[in-house]
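No hydrogens, no waters, no symmetry mates; every other heavy atom, side chains included, goes into these values.
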Amino acid sequence: RISGAIGHNNAMIHGMAKSLTRLDEVTVESLARAKGFPSKWFLAVIKIAARVSHKRPRRVHIILAGDKKMCHLNTVYRNKRKTTDVLSFPALDVPPRARTLGYSGAHDDLSYLGEIVLCIPQLRRQAREYGVAFKTELTRMTIHGFLHLWGYDHIKPKEARIMMPLQEKALAKFISL
């Protein structure tokens, strides 16, 4: 009887561990047009970025926004009255108002890394400006946002010398798949 109970508990514990280790999930909320980029595509980008930066994949919520929404967020959270390409809200630092942006139920989950907000029109403009495909710029900025969620930054030259090569290495690895 005891071994049967232990076996049952082990199965239950194994099931719980399996659900707790599901760290590599990406949810996408589309407030702007970007056809052909499902959650699975973003998950693949996040997995490559995690591997290159030696971080474990974590749960991430991605919001595809337009200029108006991104300008509003950039004004509220960075005091800059203009649109931007990407904003990252790490789960531990997510301001209360940002929680209404998307996947609010995940904020109490320890496997949840945070939110990445991507401005689709801005990424299209940047792709044209840099002479790259939109998909390439979307990939680059998804990686960029993921690295910010892990605490990487590029404001200071020393920080940029760490973050930017990781970003470009992950981009090259993803494109080569």
### Summary
For Ala170 and Ala49 the tightest heavy-atom approach is CB-CA, 4.0 Å
### Query
Got a second to check how far Asn74's CG is from Gln122's CD, nearest 0.5 Å?
10.0 Å
### Message
To check you understand the geometry: which heavy-atom pair defines the closest contact between Pro121 and Ala65, and what is its length?
### Response
CD-O, 3.5 Å
#### Entry: Minimum side-chain heavy-atom gap His72-Lys68 below 4.5 Å
no
### Message
Does either side chain, that of Glu159 or that of His154, offer a donor lying less than 3.5 Å from an acceptor on the other one?
### Response
no
### Task
Would you mind reporting whether Tyr152 and Met164 have side-chain heavy atoms less than 4.5 Å apart?
no
### Message
What's the separation between atom NZ in Lys173 and atom NZ in Lys47, rounded to the nearest 0.5 Å?
### Response
14.5 Å
#### Entry: Any side-chain heavy-atom pair of Thr139 and Trp41 under 4.5 Å
yes
### Task
Indicate the atoms forming the closest heavy-atom contact of Ser88 with Leu149, along with that distance.
CB-CD2, 3.8 Å
### Summary
Leu166 and Ser53 have their tightest heavy-atom pair at CD2-CA, 4.0 Å
### Task
Please report the C-alpha distance between Tyr77 and Phe89 in whole Å, then the side-chain angles of each, then the deciding distance to 0.1 Å, and finally whether the ring pair (Phe, Tyr, Trp, His ring centres under 6.0 Å) criterion is met.
CA-CA 10 Å; Tyr77 297 108; Phe89 296 98; 5.1 Å; yes
### Summary
Rounding to 0.5 Å, atoms NZ (Lys156) and CZ (Arg161) come to a distance of 12.0 Å
### Message
If you count heavy atoms of other groups shown closer than 6.0 angstrom to NZ of Lys55, is the number above 12?
### Response
yes
### Message
I'd like to know if Leu123 and Ile175 are part of one continuous hydrophobic network [Ile/Leu/Val/Met/Phe/Trp/Tyr, side-chain heavy atoms within less than 4.5 Å].
### Response
yes
### Task
To the nearest 0.5 Å, tell me how far Leu73 CG sits from Leu87 CG.
6.0 Å
### Min side-chain heavy-atom separation Glu115-Ile63 under 4.5 Å
yes
### Query
Quick one: does Ile120's side chain get under 4.5 Å of Leu138's, heavy atoms only?
yes
### Query
Are any non-hydrogen side-chain atoms of Asp85 and Arg125 less than 4.5 angstrom apart?
no
#### Entry: Interatomic spacing from CZ in Arg58 to CZ in Phe146 - rounded to 0.5 Å
9.0 Å
#### Entry: Candidates Thr84, Val28, Val86 - the one meeting side chain to side chain contact (heavy atoms under 4.5 Å, CB included) with Leu118
Val86
### Message
For a 4.5 angstrom cut-off between non-hydrogen side-chain atoms, does Phe42 reach Ile116?
### Response
no
### Task
To the nearest 0.5 Å, tell me how far Leu171 CG sits from Thr142 OG1.
10.0 Å
### Task
Could you tell me which non-hydrogen atom of Arg56 sits nearest to which non-hydrogen atom of Trp150, and how far apart they are?
O-CZ2, 3.4 Å
#### Entry: Side-chain heavy-atom pair Gln126, Arg140 within 4.5 angstrom cut-off
no
### Message
Check for me whether Arg124 meets the cation-pi criterion with Phe134, that is, NZ or CZ under 6.0 Å from the six-membered ring centre and within 45 degrees of the ring axis.
### Response
yes
### Query
Counting N and O atoms only, with roles assigned by atom type, does the side chain of Tyr130 sit under 3.5 Å from a partner on the main chain of Val132, one being a donor and the other an acceptor?
no
### Query
For Met70 and Val117, which heavy atoms make the closest approach, and how far apart are they?
CE-O, 3.2 Å
